[in-house]
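Worksheet for the structure shown next.
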Amino acid sequence: MSIVRDLFTDHTLRTVALGAATLGIVAGALGSFAVLRRQSLLGDATSHAALPGIALAFLVSGSKAPLTLVLGAAVAGWIGTLLVMAVVRTTRVKYDSALGIVLSVFFGVGLVLLTIIQKRADAAQAGLDRFLFGQAASLLERDLITMAALGGIALAATVLLWKEFKLLTFDPDFGASLGFAVRRLDVLLTALLVIAIVVGLQTVGVVLMSAMVVAPGAAARQWTDRLGVMVVLAAAFGALAGVSGALVSSEASRMPTGPTIVLAAGVVVIVSLFLAPRRGLVWRWLADYRNRRRLGAGVALVDLYRLAEQHDTLRHAHEEAAIAATAGARVRHGLEELAERGWAERVDGDAWALTPAGRAEAERRLGGTG
Amino acid sequence: MTAPQLEIQAIAALVAAACALPGVFLVLRRMALISDAISHALLPGIVLAFFLVEDLTSPLLVVGAASTGLVTVLLVELLKRTELVREDAAIGLVFPVLFSIGVILITRFAGDVHLDVDAVLLGELAFAPFDRFVVAGYDVGPSALWLMSGILALNVTFIVLLYKELKLATFDAALATALGLSPALVHYGLMALVSVTAVGAFDAVGSILVVALMIAPPAAAYLLTDRLPVMLGLATLLGVGSALGGYWLAHWLDASIAGSMAGAAGIAFALAFLLAPERGLVSLARRRLRQRWEFAQGALAIHLMQHEGSPEAAEESRIEHLNRHLRWDPDFAARVVRGAQRRGLVARVDGSLALTDRGRAVARELVVR
Amino acid sequence: MTRGTQVADSHKLRSALAALAAVPAALALAGCGQQVVGEIDPSIGERRIRVVATTGMVSDAVEHVGGDRVDVQGLMGPGVDPHLYKASEGDVIRLAEADVVFYNGLHLEAKLADVFERMGGRVRTAAVTDGIPRSRLIASAAFGAAYDPHVWFDVRLWMGGVREVRDTLAELDPASAGAYRRNARAYLAELAQLDRYVRDRVAEVPPGRRVIITAHDAFNYFGRAYGFEVRGLQGISTVSEAGTRDVRELADFVAARRIPALFVESSVSPRTIEAVREAVRARGFDVSIGGSLFSDALGDPDTPAGEYAGMVRHNVDTIVAGLG
Amino acid sequence: MSETPAIEVSDLTVAYGATPVLWDVDLTVPPGVLMAIVGPNGAGKTTLIKAILGLIRPAAGRVLVQGRPYDVQRRLVAYVPQRRTVDWDFPTSVLDVVTMGRYGALGWIRRPGRRDRRLALEALEQVGMTELAHRQISQLSGGQQQRVFLARALVQDASVYLMDEPFAGVDATTERAIVHLLRRLRETGRTVVVVHHDLQTVEEYFDWATLLNVRRIASGPVDEVFTEQNLRLTYGGRVAFLAEGRSAVVP
């Protein structure tokens, strides 16, 4: 397994995998709350809302120093989310609309600032609006340290304020009645997410970050009914998507790392939606199928009984077609179900007859009235 | 005003109207951000269309873009229908995946071609007047003007024809189903409309302005009215107003036109947020203040009435006494009394207060109701 | 709402919307419908020609050829990458009032180039790369009709662009055609000298080290013209992204060939190149960052790199200093 | 009354938008009563409870709990919100929701421990939900959800209980169980205030009542307050009389 060996020995793969995993863990854990709080699109919104902050930071400092731009981006993103909260709290405008307004208006203001900067004969502006946004393949060792430190703080805060965040997400009114500063908690939890998003923008770019906020949480939700398990699972899914995306993009050339991680996260979501026990679609279809079959069996049983009554002999066999005429086309499954339970049997070819047990069952169901 | 300036404003006004109409329903259905999702998700459609025609200027690329718009809304709708994820998560899952597919396709197969959304959609309002529509040698105006007129006409037709279905499917999907109106079909229709409008408008004015015009004017209208037809009209007006106002803002700043228009839409929303009658922050604060005074004046009138004609009336009617009895501080009490005098509820008779007839009526009404 | 008001509502709505739909048609027809013309403004001989140019490189060429006969307005100023250029309101007027618009072409200006091609009716437009034979262009490996637009890094090719500017101006303003030819001749001579300068400097680099490594594929023409191998991490498209494998392969290559320097571009985040550098160092070879190259835009106006020739000199000096 | 009232509301005015929801409400709830707040839709019943809890800011007025402001008496009050205000698809178990009742006593950062879980289980036993302790909350019926909320309030071990429509949408068994529970709370000296919808059962379930319609119409012992005239004032003449002489609202 040279690929696994590479994971430990190759500098780039190790850095990218570690970075993507760290990001996946942090974004997955915090993103779980975002998914539950209907803030899934905060990643996308923050990345747009950051533009005026970047432009202003450049206008004020005159430099493209990453730290300056990140600060500008974080402050603008942060102000944007506060505005969203204010609008949602005081008016009937819903979260999605408020987010959309802040996203587009901030970005628009950013464009205005960019065109104003463009007018200045200053070559330092080159690439200003893309400069900040990183790519997963270009993760650096110092990014790992930043991400681990900030992620650690965010996770520590989540662990420390676990019950408060749970209360905030589940029943904020009740939380307020207990005396918790719910609004401050709201601001804090959103701030943690915004910080994670801005760090992610700078290191891995917009789209991967948007996906990492939503996908692990949405996938994890399908597998469990416990918040704690969900958050841990989301962190694990985030890490899994990060590492597997890094590995795949390390196997083939011209396989961009960030988008590969997004697709890996997408696969995790699809698998979860289909296969997760109880909630998953496959489980639901199976349950539906079983219900339908059970209902079909009941209908077929009664039909066989009534047909038998007409012929005065309960052991009279009937063509499947005749039964289908009254019971509908799906009768075959019902009859097979009856046969499995020993209530009916197949008599030469396509004809079916009730067994004595089937007759007893039919009479029981019809309340003995015939 | 030069011809291009006039044309830009006309195009922007058309885009604003075309976006505001479906935008109203998006805002009401909590699907506002689908427009932004579409703007990201267009990439794979453009790439696949390019692989097919191998020409960056082919109109087929725009068709590819529009069809991914449709795929986006379809996938979001399918995900939502599983009831395993909510709409916001559904949107947040679909667009990164589609965009990533686009990036992978480009990087793997077309890394040496300048292929991206900018390469296919004009997306810059400033140049729209120079992209002429020429019919049989005659220049009949900017292409965007015609394209957006068509899309606006489509939107108007759709909304007029299906007005009652849209209304019902938006407010009460269950009832709509019961009445046999198939909200799902109406919904898919609306989403197809959003997708076509978005792609057409992205080409004319750029994605961010489309997102702004689809959300901000309808949301502002939502704060100003309770009635759907009024909301549709107001959203259109506010959108067109933002577009025109934004244009002159851009002219004054010599800055990005689309950016200024988005900013103007933001200002329109902020104004509604602050100043809307009834729902605006200012009127809320003023009402709270007024109620506080009215309430205090009413309390004063009731207090006076309860003691009218009783032996302690003279004592209870003294202003100093109010401070103690009603737990008011002297300044506040003095202001309440002045207000009540102005409204003709009380009169001052040598140092103590007396109810007027009007004051008595008000107090009685407050007590008995 | 009673049924009556509802009907009235939807009726009012209907007529309001119908009125709304009538507006665009009226607007589209008003003031339009004139025939597409290609005539030259007769007043051009008596005043300076108003020229709009897209990139700094194109502006530079027009200024040299047009001399004091032209007023050049550059859309994309110093540091403005054509991929990321955002138009401002003033650009509309500049474009509308221009006698001629010069642009790079080959899809460098993306969709804007299509617009220029179709502006015919109002304003004369010219793609400077039309002066370069198609056979000399670098085509996409997979899609033959798509060309790499970064032609200005091959000075000899760019001279074709200058000739295109000369011919366009001469056609537009025949009265001054002689002046344009004189200016162009002088400038072309200057560029030929520049080309020799580049070749001389490049000769200082040992042949084995003639490799330019940058974040995105902008230097293919430079490489072909002056004998460099060019390796970029990302493609031309602004959305293309590097993969982990690409970084590893590039690092292997740098370490194996012991290439002394990597280069960053002024408009691209240096992170990608830093990642390569880290990876190379992890392979036990210390590669340096050789400095910043100009790729899609010129430098500050008061510096040498604010002009095309100065920019080329800066790039080649940086490359030679890094690799030499 | 010499005893300090459990709740004392004075001059309370609250407005949402243009319309005042509560206007100049004075209300005194003596300790140890089981009180219903009754009134038509939009009468401000929920608003009254939320204002008492400090969840919405009133335009005017003051609320005292056992003689002191709510802020300092918070531990004495337990709140049962309306069932539909929370997301029942939230990934959590019955026991976990009930344990939330202990969060106030725990304060910031401290986690619930074994004792808190034991208290939660005891509360679940009181509402007859022990077997469902580890069930995911989305799998509960309406009545079971309501019992979970009640158990959560019981865990708070408060002396004043404020409940917003605990009988809404529950089955008959749960309704009987809730009434039983409310009476037990009163017997142990607690004060219980319940927003109630069903006029038919007011006299049977409660010993104290407040009739509310934006303003306080009447408040006091049920037999004194629950008169035809008061109901008429509250419901604006939309009260008809049943054959047995009991009143009911006619829509």
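Chain A is the first sequence line, chain B the second, and so forth, proteins listed ahead of strands; every chain is numbered from 1.
Contact of B:Phe109 with chain A is not made at all, since no heavy-atom distance falls under 4.5 Å. The contact between B:Leu79 and chain A is made entirely by side chain atoms (from C-beta outward), counting heavy-atom distances below 4.5 Å. Within the 4.5 angstrom heavy-atom criterion, atoms from both the backbone and the side chain of B:Asp254 approach chain A. Residue A:Ser253 touches chain B through its backbone alone, counting heavy-atom pairs closer than 4.5 Å. Proximity to chain B is absent for every atom of A:Gln118, based on heavy atoms less than 4.5 angstrom apart. For B:Tyr222, the parts sitting under 4.5 Å from any heavy atom of chain A are the backbone and the side chain alike.
Interface remark: of the candidates A:Ala211, A:Ser97, A:Ala45, A:Ser97 forms the most heavy-atom pairs closer than 4.5 Å to chain B. Contact count against chain B (heavy-atom pairs under 4.5 Å) is highest for A:Ser104 among A:Gly217, A:Gly280, A:Ser104. Interface remark: of the candidates A:Pro259, A:Ala215, A:Ala86, A:Ala98, A:Pro259 forms the most heavy-atom pairs closer than 4.5 Å to chain B. By number of non-hydrogen pairs under 4.5 angstrom with chain B, the leading residue of A:Leu111, A:Thr91, A:Val112 is A:Val112. No other option in A:Val206, A:Leu103, A:Leu208, A:Val109 has as many heavy-atom pairs under 4.5 Å with chain B as A:Leu103. No other option in B:Leu209, B:Leu26, B:Ile101, B:Asp36 has as many heavy-atom pairs under 4.5 Å with chain A as B:Asp36. Among A:Asp96, A:Val35, A:Val214, the residue making the largest number of heavy-atom pairs under 4.5 Å with chain B is A:Asp96.
No side-chain donor-acceptor contact under 3.5 Å links A:Arg38 to the backbone of B:Glu87.
Ion pairing between a basic and an acidic side chain is recognised when a charged N comes within 4.0 Å of a carboxylate O; B:Asp226 and A:Arg92 show such pairing.
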Chi angles and distances behind the side chain to side chain contact (heavy atoms under 4.5 Å, CB included) call for B:Ser100, A:Val207 | CA-CA 8 Å; B:Ser100 296; A:Val207 174; 4.0 Å; yes

